[in-house]
Amino acid sequence: MSHLLTGVPASPGIAIAKAYRLESEESVPQRKAVDDTAAEKQRLKEAVEAAKADIDRIRESTLERLGPQKAEIFEAHLFLLDDPDLIDAAMDQIESEGINAEFALYEVASGIMEALRSMDNELLRERAADVKDITGRVISKLEGRKHSALSELNSETILVAKDLTPSDTAQLNLEFVRGFVTEIGSRTSHSAIMARSLELAAVVGAGADASEIRTGDTVILDATAGQVIVNPTDRQLEEYSVRKREYEEYQLRMRSYVDRPSVTADGVQVELASNIGGIDDLEKVLANGADGIGLFRTEFLYMGRSAFPSEEEQYSVYKHVLEKMGGKRVVIRTLDIGGDKELSYMQLPKESNPFLGLRAIRLCLEREDLFRTQLRALLRASVHGKLAIMFPMIAVLSELREAKRILAEERAKLEQEGIAVSHSLEVGIMIEIPAAALAADILAKEVDFFSIGTNDLIQYTMAADRMNESVSYLYQPHHPSILRLVQLVIQAANRNGKWAGMCGEMAGDSAAIPLLLGLGLHEFSMSASSVLPARELVSRLSKQEWSRLAEQALGMSSQQEVLDFVNQQLRSEA
Ligand code: PEP
Ligand code: MG
């Protein structure tokens with residue numbers, strides 16, 4: 001019987017193949033008494049050495065296939081195998097309790113994992129998976145088992161497992177593995193991140209039902225939709241074979257845009273940049289050939305930890321991003337905290353309307369110490385690439401002037417200390433409050449650029465909380481009210497010789513791009529996976545034609561009318 005499961009679409013793709021169930025190796029070793037504890041400790045020592053040799057091999061091949069960042073995890077694993085809290089503690093237990101190495105290691109590791117899992121910090125919680133991975137490997141060595149059966153695969157396969165460890169994922173034989181399904185996991189689990197770098201279709205967190213999938217079952221994995229069909233009907237097989245082929249053709253066509261310039265059909269160059277939340281996103285940005293980074297949401301550096309990141313730590317992150325982007329522009333936004341984004345270690349006053357409260361630049365101007373630390377890190381990093389600093393949530397000119405004054409002070413201090421700061425550093429603001437959009441002509445004189453944050457601009461224009469489902473129908477990027485504000489901002493920038501970009505979700509929307517292009521937007525910043533489809537779309541559009549069409553759209557009476565109009569135009573051009 002055909003059977004449908006849904007999970008998290010962790011890495012896109014469509015695959016059809018036989019399932020291979022990877023049994024989890026969670027068998028609990030038996031406790032056994034041993035007489036010769038010295039021999040037992042020697043056995044553990046040898047097993048640890050053998051496990052290290054394996055991990056080192058995996059590290060080397062990961063380094064070669066996926067680069068240093070992905071290989072780092074295995075360095076951490078090697079490091080863990082030298083951790084006295086683990087191996088030495090197991091040695092002590094063998095000695096003091098006269099027990100076998102498998103059980104001693106299992107006990108010690110279980111204690112460590114339990115402690116890690118109860119931590120507040122997500123990163124530390126994830127370390128539990130690493131401890132499990134390495135101890136499982138050492139125990140397999142002790143028991144004389146192969147760590148996993150992955151190497152036995154010899155035909156096209158969709159792997160099914162409760163979860164995949166980092167080393168399972170790194171070892172997948174891509175000649176045969178077409179994708180994987182796991183019962184647990186989220187978009188940010190190790191296996192999901194690895195799948196995306198390997199460009200392997202993956203659905204994670206498909207739930208306990210996935211445990212019913214047996215080796216040999218035929219499986220359709222539609223990882224673009226997060227769906228898994230077990231033992232499909234002939235009709236489903238036919239339908240998905242077509243979808244798979246179409247998806248592959250589409251992918252191939254998009255890939256051909258990686259190295260092409262972002263140019264319209266009538267020869268106008270634009271910039272198609274990417275939004276990032278941290279250095280882990282860079283790989284995808286580079287793989288998709290983005291023209292730069294249009295928004296680095298630095299607040300993620302401050303989240304999921306127990307204290308503020310230091311100037312040094314921030315400097316090294318900003319430097320890394322600038323260097324990786326090799327001279328392409330990187331717009332880094334200063335801390336945008338408050339509203340829906342909180343820091344567990346920062347006491348913020350309780351407000352009844354946090355989105356209208358002390359957030360983003362307002363908070364930074366109040367907590368100058370935090371702001372200055374970040375600005376110093378940014379200024380120091382500026383010499384490593386093409387940096388643009390962006391202040392979020394500017395409502396009035398005085399906020400911009402105050403932020404720029406503090407920036408100038410930090411710059412002067414650094415120069416006095418003999419620390420170099422780039423002379424071509426750009427300074428701009430996000431336009432996400434209607435007041436700033438309406439007064440964009442005033443602000444434009446004192447910035448190098450604008451970037452329109454439509455996620456907030458729409459929320460504030462429509463007076464509709466972006467987190468509130470009941471009013472989500474008012475998220476209307478195509479509404480003439482929004483288009484008119486966007487036009488005001490772009491015109492103000494262009495008239496003052498400045499550039500205008502957009503980094504809200506609207507910038508990557510294929511039904512908005514033609515209008516934005518027509519209104520004269522220069523830079524579009526979106527998720528990395530949208531860059532190539534956007535480049536392909538732009539290459540088919542005439543800017544001149546769309547300036548005329550955008551003017552028409554501005555006079556329409558509803559979002560629906562605008563959408564119908566854009567879609568009809570696009571269809572007639574195709
Ligand atoms: C925006 O408001 O459009 C934006 C890009 O910022 P964020 O989504 O981080 O608030
Ligand atoms: Mg915003």
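These figures come from a predicted structure and were not determined experimentally. Every number for a ligand or one of its atoms is a count from 1 in the order of the listing.
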Fill in: Ligand-residue contact atoms, ligand 1 with C503, heavy atoms, under 4.0 Å
5 (C)
Item to complete: Quick one: look up the protein heavy atom nearest atom 6 (O) of ligand 1 and list residue, atom name and how far away it is.
Response: R333 NH1, 2.9 Å
Worksheet entry | Which of the ligand 1 atoms, numbered from 1, are nearer than 4.0 Å to a heavy atom of M430 | 4 (C), 5 (C), 6 (O)
Worksheet item: When you check the gap from the basic side-chain N to the acidic O, do R401 and E446 get nearer than 4.0 Å?
Response: yes
Discussion item. Can you report which non-hydrogen protein atom sits closest to atom 7 (P) of ligand 1, along with the distance?
Written reply: R297 NH2, 3.5 Å
Worksheet entry | Donor-acceptor under 3.5 Å (Q374 side chain, F371 main chain) | no
Discussion item. At a threshold of 2.8 Å, where the distance has to be below it, does the Mg ion (ligand 2) have an N, O or S atom of D336 nearby?
Written reply: no
Worksheet item: Any donor and acceptor pair, going by atom type alone, linking the side chain of H478 with main-chain N or O of V566 inside 3.5 Å?
Response: no
Practice prompt. Under 4.0 Å from a heavy atom of D456: give me the atoms of ligand 1 that qualify, with their elements.
Written response: 1 (C), 2 (O), 3 (O), 10 (O)
Worksheet entry | Per-atom contacts of ligand 1 with R466, taking only distances under 4.0 Å to non-hydrogen atoms | 2 (O), 7 (P), 8 (O), 10 (O)
Discussion item. Is it the case that over 12 heavy atoms from other parts of the model lie below 6.0 angstrom from the CD atom of Q544?
Written reply: no
Discussion item. Show the atoms of ligand 1 that are less than 4.0 angstrom away from any heavy atom in L295.
Written reply: 5 (C)
Practice prompt. Just give me the atom name: the N, O or S atom of D456 closest to the Mg ion (ligand 2).
Written response: OD2
Worksheet item: What about the rings of Y345 and F308, do their centers lie closer together than 6.0 Å?
Response: yes
Worksheet item: What N, O or S atom of E432 is found closest to the Mg ion (ligand 2)?
Response: OE1
Worksheet item: Do we see a donor-acceptor contact under 3.5 Å between the side chains of Q487 and E551?
Response: yes
Worksheet item: Is a donor on one side and an acceptor on the other found under 3.5 Å between the side chain of S11 and the backbone of L200?
Response: yes
Worksheet item: Have E271 and W499 got a donor and an acceptor in their side chains that come within less than 3.5 Å?
Response: no
Worksheet item: If you count the atoms of ligand 1 from 1 in the order shown, which ones are under 4.0 Å from a heavy atom of K341?
Response: 9 (O), 10 (O)
